[in-house]
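Comments concern the structure below.
Every heavy atom of this structure was used, including side-chain atoms; hydrogens, water molecules and symmetry mates were not.
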Amino acid sequence: QVQLMESGGGSVQAGGSLRLSCLAARLFGCKAWFRQVAGKEREMVATVRIADNRTYTADSVKGRFFISHDNAKRTLYLQMNNLQPEDTAMYFCAADETFAAMTVCGTDRIGQAKFEKWGQGAQVTVSS
(Lines give C-alpha, C1' and ligand atoms only; values in the text may rest on other atoms or scores of the structure.)
Protein backbone atom coordinates (compact mmCIF):
# COMPACT_ATOMS: atom_id res chain seq x y z
CA GLN A 1 0.00 0.00 0.00
CA VAL A 2 1.39 3.37 -1.00
CA GLN A 3 1.58 5.60 2.05
CA LEU A 4 3.19 8.69 0.55
CA MET A 5 3.13 9.99 -3.01
CA GLU A 6 5.05 13.02 -4.27
CA SER A 7 4.18 15.20 -7.23
CA GLY A 8 5.24 18.53 -8.68
CA GLY A 9 8.80 17.85 -9.72
CA GLY A 10 10.16 19.09 -13.01
CA SER A 11 12.76 21.16 -14.79
CA VAL A 12 13.24 24.90 -14.32
CA GLN A 13 15.87 27.49 -15.00
CA ALA A 14 17.90 29.03 -12.23
CA GLY A 15 15.86 31.56 -10.30
CA GLY A 16 12.61 29.73 -10.96
CA SER A 17 10.16 28.17 -8.52
CA LEU A 18 8.49 24.81 -8.02
CA ARG A 19 6.13 23.42 -5.44
CA LEU A 20 6.32 19.80 -4.43
CA SER A 21 3.34 18.01 -2.93
CA CYS A 22 3.18 14.79 -0.95
CA LEU A 23 -0.19 13.16 -0.44
CA ALA A 24 -0.38 10.79 2.52
CA ALA A 25 -2.70 7.85 2.99
CA ARG A 26 -3.36 9.13 6.51
CA LEU A 27 -2.12 11.75 8.93
CA PHE A 28 1.38 11.22 10.31
CA GLY A 29 2.72 13.22 13.21
CA CYS A 30 6.08 14.13 11.74
CA LYS A 31 6.86 14.77 8.11
CA ALA A 32 9.94 15.86 6.26
CA TRP A 33 11.44 16.53 2.87
CA PHE A 34 14.79 15.02 1.94
CA ARG A 35 16.80 15.23 -1.24
CA GLN A 36 19.49 13.06 -2.73
CA VAL A 37 21.87 13.30 -5.63
CA ALA A 38 23.04 10.00 -7.08
CA GLY A 39 26.22 8.93 -5.36
CA LYS A 40 25.84 11.37 -2.49
CA GLU A 41 24.35 11.17 0.97
CA ARG A 42 20.72 12.00 1.50
CA GLU A 43 20.16 15.51 2.86
CA MET A 44 17.30 16.63 5.10
CA VAL A 45 15.70 19.73 3.64
CA ALA A 46 12.83 20.63 5.97
CA THR A 47 10.62 19.08 8.60
CA VAL A 48 7.30 19.85 10.28
CA ARG A 49 5.57 18.51 13.36
CA ILE A 50 1.92 18.42 12.44
CA ALA A 51 0.38 18.90 15.89
CA ASP A 52 1.83 22.38 16.44
CA ASN A 53 3.24 23.21 13.00
CA ARG A 54 6.76 23.44 14.37
CA THR A 55 9.17 23.58 11.43
CA TYR A 56 12.87 23.38 10.80
CA THR A 57 14.60 24.15 7.51
CA ALA A 58 18.17 23.29 6.61
CA ASP A 59 20.57 26.22 6.37
CA SER A 60 21.34 25.34 2.75
CA VAL A 61 17.81 26.26 1.67
CA LYS A 62 16.63 28.57 4.42
CA GLY A 63 14.92 31.66 3.08
CA ARG A 64 14.26 29.97 -0.28
CA PHE A 65 12.38 26.77 0.61
CA PHE A 66 9.26 26.67 2.77
CA ILE A 67 7.54 23.60 4.21
CA SER A 68 3.84 23.53 5.00
CA HIS A 69 1.09 21.02 5.60
CA ASP A 70 -2.64 20.94 4.89
CA ASN A 71 -4.22 18.61 7.43
CA ALA A 72 -7.57 18.44 5.66
CA LYS A 73 -5.89 17.32 2.44
CA ARG A 74 -3.28 15.18 4.23
CA THR A 75 -0.77 16.86 1.97
CA LEU A 76 2.75 18.09 2.67
CA TYR A 77 4.18 20.87 0.53
CA LEU A 78 7.60 22.24 -0.24
CA GLN A 79 7.62 25.63 -1.90
CA MET A 80 10.99 26.11 -3.57
CA ASN A 81 11.93 29.60 -4.72
CA ASN A 82 15.04 31.00 -6.40
CA LEU A 83 16.11 27.50 -7.37
CA GLN A 84 19.76 26.98 -8.20
CA PRO A 85 21.57 24.22 -10.10
CA GLU A 86 22.86 22.82 -6.81
CA ASP A 87 19.23 22.14 -5.84
CA THR A 88 19.02 19.52 -8.57
CA ALA A 89 18.18 16.23 -6.87
CA MET A 90 15.54 13.62 -6.27
CA TYR A 91 13.25 14.91 -3.55
CA PHE A 92 11.54 12.53 -1.16
CA CYS A 93 8.90 13.03 1.47
CA ALA A 94 9.06 10.95 4.61
CA ALA A 95 6.85 10.37 7.61
CA ASP A 96 7.26 9.06 11.11
CA GLU A 97 5.19 9.06 14.28
CA THR A 98 7.28 7.31 16.87
CA PHE A 99 7.78 9.04 20.21
CA ALA A 100 11.42 9.68 19.35
CA ALA A 101 10.53 11.31 16.05
CA MET A 102 7.82 13.47 17.55
CA THR A 103 10.28 14.79 20.12
CA VAL A 104 12.79 16.04 17.56
CA CYS A 105 10.43 16.77 14.69
CA GLY A 106 10.61 20.38 13.59
CA THR A 107 14.01 20.96 15.23
CA ASP A 108 17.64 20.74 14.23
CA ARG A 109 17.78 17.35 15.98
CA ILE A 110 15.60 15.79 13.28
CA GLY A 111 18.56 13.66 12.25
CA GLN A 112 17.79 11.47 15.27
CA ALA A 113 14.48 10.38 13.73
CA LYS A 114 14.43 7.15 11.77
CA PHE A 115 11.89 7.72 9.02
CA GLU A 116 10.46 4.42 7.85
CA LYS A 117 7.81 5.65 5.44
CA TRP A 118 8.99 7.17 2.19
CA GLY A 119 7.52 8.34 -1.07
CA GLN A 120 8.84 7.27 -4.44
CA GLY A 121 10.56 10.60 -5.09
CA ALA A 122 10.16 13.53 -7.44
CA GLN A 123 12.99 14.73 -9.66
CA VAL A 124 13.86 18.41 -9.61
CA THR A 125 16.30 19.65 -12.23
CA VAL A 126 17.57 23.22 -12.31
CA SER A 127 19.53 24.46 -15.29
CA SER A 128 21.82 27.47 -15.29
Side-chain angles (χ1 to χ4, degrees):
Q1 180 183 5
V2 176
Q3 301 270 7
L4 302 169
M5 183 173 292
E6 300 95 338
S7 60
S11 298
V12 295
Q13 290 191 326
S17 297
L18 283 173
R19 188 177 77 159
L20 299 179
S21 300
C22 176
L23 174 63
R26 60 179 179 83
L27 282 179
F28 293 95
C30 179
K31 288 186 171 178
W33 288 102
F34 290 79
R35 65 185 182 185
Q36 188 168 25
V37 177
K40 295 188 176 181
E41 286 193 6
R42 187 173 57 203
E43 176 188 11
M44 196 285 298
V45 176
T47 173
V48 58
R49 189 166 69 176
I50 304 305
D52 58 3
N53 206 37
R54 183 172 71 182
T55 64
Y56 174 75
T57 304
D59 288 343
S60 58
V61 300
K62 192 168 292 183
R64 300 189 298 122
F65 289 16
F66 302 92
I67 189 171
S68 62
H69 189 268
D70 186 324
N71 291 0
K73 296 181 179 179
R74 303 192 314 275
T75 300
L76 180 72
Y77 300 101
L78 184 67
Q79 178 65 43
M80 303 182 292
N81 300 326
N82 191 22
L83 283 158
Q84 299 300 314
E86 54 265 33
D87 296 317
T88 294
M90 184 72 80
Y91 285 72
F92 299 89
C93 68
D96 197 349
E97 53 192 1
T98 61
F99 177 78
M102 296 302 291
T103 301
V104 300
C105 195
T107 76
D108 60 0
R109 294 176 292 136
I110 189 62
Q112 299 174 22
K114 293 183 174 63
F115 289 93
E116 294 186 351
K117 293 178 174 58
W118 294 83
Q120 82 287 352
Q123 178 66 38
V124 172
T125 302
V126 185
S127 58
S128 57

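Aromatic ring orientation, W118 versus F92: perpendicular (interplanar angle above 60°, classes split at 30° and 60°).
Separating the NZ atom in K31 from the NZ atom in K117 is a distance of 11.5 Å, to the nearest 0.5 Å. Here the CG atom belonging to L20 is positioned 12.5 Å from the OG1 atom belonging to T75, to the nearest 0.5 angstrom. Distance CD/Q3 to SG/C93: 11.0 Å, rounded to 0.5 Å. Within the model, atoms OG1 of T55 and CD1 of I110 stand 11.5 Å from one another, a figure rounded to the nearest 0.5 Å. Rounding to the nearest 0.5 Å gives a distance of 11.0 Å between CZ of F65 and CH2 of W33. Taking CD1 of I67 as the reference point, atom OG1 of T47 lies at 6.0 Å (rounded to 0.5 Å).
Under a cut-off of 6.0 angstrom, the local environment of NZ in K73 is sparse, with at most 12 non-hydrogen atoms contributed by other residues, nucleotides or ligands. No more than 12 heavy-atom neighbours from other residues, nucleotides or ligands sit within 6.0 angstrom of CD on E116.
Here the side chain of E6 pairs no donor or acceptor atom with the backbone of C22 at under 3.5 angstrom. A donor-acceptor contact shorter than 3.5 Å links the side chain of R64 to the backbone of N82. With hydrogens and angles disregarded, no donor-acceptor distance shorter than 3.5 Å links the side chain of Q123 to the backbone of G121. Listed for the R19 side chain is no donor-acceptor partner under 3.5 Å among the backbone atoms of G8.
Under a hydrophobic-cluster definition in which Ile, Leu, Val, Met, Phe, Trp and Tyr are linked whenever side-chain heavy atoms come within less than 4.5 Å, directly or via other members, F28 and F34 are assigned to different clusters. Hydrophobic cluster membership is shared by Y91 and V12, with clusters built from Ile, Leu, Val, Met, Phe, Trp and Tyr side chains linked at under 4.5 angstrom. Cluster annotation: M44 is connected to M90 through the hydrophobic network of ILVMFWY side chains, with a link wherever side-chain heavy atoms come within less than 4.5 Å.
A side chain to side chain contact (heavy atoms under 4.5 Å, CB included) with R35 is found for exactly one of V45, T88, L78, V124, namely V45.
The minimum heavy-atom distance between K40 and Q36, with the atom names listed, is O-NE2, 3.0 Å. Nearest heavy-atom pair, F99 versus T103, reported as atom, atom and distance to 0.1 Å: O-OG1, 2.9 Å. Nearest heavy-atom pair, L76 versus S68, reported as atom, atom and distance to 0.1 Å: CD1-O, 3.4 Å. Smallest separation of non-hydrogen atoms from Q120 and L4: OE1-O, 3.8 Å. Contact between D96 and K114 at its shortest, heavy atoms only, is OD2-O, 2.9 Å. Closest of all the heavy-atom pairs between A14 and S128 is CB-CA, 4.3 Å.
In this structure the side chain of M102 reaches within 4.5 angstrom of the side chain of C30, judged on heavy atoms. Annotation: side chain of L27 is in contact with side chain of H69 (closest heavy-atom distance under 4.5 Å).
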